Asks: 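To start, I am sharing the structure in question, which I have written as structure tokens.
In this text the structure is predicted, and so the values were computed from the model without any measurement.
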Amino acid sequence: MHAKKYLDVNQLEHIPESHDLITWRVSAYAVVTHEDKILLVKEDWSNNYELPGGGIESGEAITSGVIRECQEETGVSIA
């Protein structure tokens, strides 16, 4: 039997050990457009450009979470 493989945010492949606990976190990302441009965030740690967004807090609505994440990461208010 083959172990399941997972890709991290940098598209690096990982094969967890049988004792590793894998957890998932609900996340949401925004596609913000203005005058035919798309708002992106440059991550310091990876030097990649990504959509603004991130993890949703426990009990938080997805729409509220993506609005909060966009404001935190870019300073831009979205609706």
Asks: Just to verify, what does E72 make a salt bridge (charged side-chain N to carboxylate O under 4.0 Å, His left out) with, not counting sequence neighbours?
Replies: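 Once residues adjacent in sequence are excluded, the partners of E72 under the salt bridge (charged side-chain N to carboxylate O under 4.0 Å, His left out) criterion are R68.
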Asks: Under the side-chain contact (heavy atoms from CB on, under 4.5 Å) rule, collect the residues that match up with E13, sequence neighbours excluded.
Replies: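 Expected list: K5, L7.
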Asks: Mark yes when over 12 heavy atoms from residues, nucleotides or ligands other than N10 sit less than 6.0 Å from its CG; otherwise mark no.
Replies: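 Count over threshold, so yes.
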Asks: Out of curiosity, S58 OG to R25 CZ, how far, rounded to the nearest 0.5 Å?
Replies: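 Between atom OG of S58 and atom CZ of R25 there are 10.0 Å.
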Asks: Using links of under 4.5 Å between side-chain heavy atoms of ILVMFWY residues, direct or through other members, which residues join V31 in one cluster?
Replies: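 The other cluster members (ILVMFWY side chains, heavy atoms under 4.5 Å, direct or chained) are Y29, I38, L40, Y49, L51.
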Asks: In terms of hydrophobic clusters joined by side-chain contacts under 4.5 Å, are V76 and I67 together?
Replies: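 Hydrophobic grouping puts V76 with I67.
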Asks: Give the minimum heavy-atom separation between G53 and E69, together with the two atoms involved.
Replies: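 Closest approach of G53 to E69, heavy atoms only: O-OE1, 3.4 Å.
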Asks: Can you list everything that forms a side chain to side chain donor-acceptor pair (under 3.5 Å) with N47? Sequence neighbours excluded, please.
Replies: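 N47 satisfies side chain to side chain donor-acceptor pair (under 3.5 Å) with K42 once adjacent residues are dropped.
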Asks: How would you list all residue pairs meeting side-chain hydrogen bond (donor to acceptor under 3.5 Å, both in side chains) that involve residues 30-41, not counting sequence neighbours?
Replies: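 Listed once each, the pairs would be none.
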Asks: Ignoring hydrogens, what is the shortest heavy-atom contact between L39 and C70? Give both atom names and the distance.
Replies: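 Distance-wise, the nearest heavy atoms are CD2-SG, 4.4 Å.
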Asks: Closest heavy-atom contact between T74 and P52?
Replies: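 Taking T74 first and P52 second, the nearest heavy atoms are CG2-CB, 4.0 Å.
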Asks: Under 4.5 Å side-chain heavy-atom separation, chaining through any Ile, Leu, Val, Met, Phe, Trp or Tyr, what else clusters with L12? Say none if it is isolated.
Replies: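 In the cluster with L12 there is nothing else; it is isolated.
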Asks: Please check this pair: side chain of E60 against backbone of E57, looking for a donor-acceptor N/O pair closer than 3.5 Å.
Replies: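 Here the side-chain-to-backbone pair exists.
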Asks: Does the side chain of I56 come within less than 4.5 Å of S27's, by heavy atoms?
Replies: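 No, their side chains stay 4.5 Å or more apart.
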